[in-house]
J.: 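The structure that follows is given in the form of structure tokens.
Both counts, for ligands and for their atoms, begin at 1 and track the order of listing. Residue numbers count from 1 along this sequence. These numbers were taken from a predicted model, which means no experiment stands behind them.
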Amino acid sequence: MREILRVQKLGKNLGSYFGETIDIRAVLRDVAAAAQQHGWTSEIFHESGEFKWRALHRKPIRTSNFSLRIYISTGIHGDEPAGPLAALRLLQENNWPPDAEIFFLPCLNPIGFTLNKRENAGGIDLNRDYRNPKSAEVRAHIAWLERQPNFDLHLCLHEDWESHGFYLYEPNPDNKPSSAEKIIAAVEKVCPIDLNETIEGRPAKNGIIRPNILPLERPDWPEAFYLIMQKSRQGYTLEAPSDFPIQPRVNALVAAVNAALEKL
Ligand SMILES: [Zn+2]
């Protein structure tokens, strides 16, 4: 049996996340250094106290008819540390499709990480604040998004403290060709997949939830709903299982991003 298949749930998360935490200041310093080293431009679109919210941008190295604009974000929930760690790893590995233009937001809720809390300091779940935003963070993020072109693909990196393995959401309102199975095939080499037929109350198959989303019926949009309605008709919300050790969770998110971008 391969080592990874023996990765077991830790059983630590009773009622919320009780796993490893990160020093978000150190992670963001390393993110900024890796981005600078590899030639990304960095725009600060919001500041609060000691923290700066960065949007990183990488032009295609080679332009072609197949150039695509990719949006990647993470760190919107401060109790989901594998997201910023995966962002750091992806930036350090610097293994991007040469003709992709990438917009990368490595941490949307840094203050949440200092508290090990899902919400921001004011108790707002930022990932429910994209329809009528109340938080300064989401207002600034939307103002930045409004200045960007549309994206061909968006990837939102998350963790779920209750899940039994990795899974993803694929809202695909225009029925575009799917990469979901390819993503799961890449992730299952490094992290267990949640094979339950119901995840978070939704039907699931082999770690894939294909929700029939109705944004106009929901008052509290997550980031992905805003993206689908305003910026990007195709994307994946990637959920690593945070009741497992941190390393397979980071590996899962990195493998999922690489698989989603492979041979675009
Ligand atoms: Zn989340």
J.: Restricting to N/O/S atoms, is Asp160 within less than 2.8 Å of the Zn ion (ligand 1) or not?
T.: no

J.: Report the name of the N/O/S atom of His77 located nearest to the Zn ion (ligand 1).
T.: ND1

J.: For the Zn ion (ligand 1), find the closest N/O/S atom on His158 and give its atom name.
T.: ND1

J.: Testing Arg118, Lys117, Lys134 for salt bridge (Lys or Arg N to Asp or Glu O under 4.0 Å) with Asp125, which one passes?
T.: Arg118

J.: Step by step, would you call Tyr236 with Glu170 a side-chain hydrogen bond (donor to acceptor under 3.5 Å, both in side chains)?
T.: CA-CA 5 Å; Tyr236 301 90; Glu170 184 188 34; 3.0 Å; yes

J.: When you check the side-chain N and O atoms of Arg210 and Ser178, is any donor under 3.5 Å from an acceptor?
T.: yes

J.: Donor-acceptor check, side chain of Asp174 to backbone of Arg233, threshold 3.5 angstrom: yes or no?
T.: no

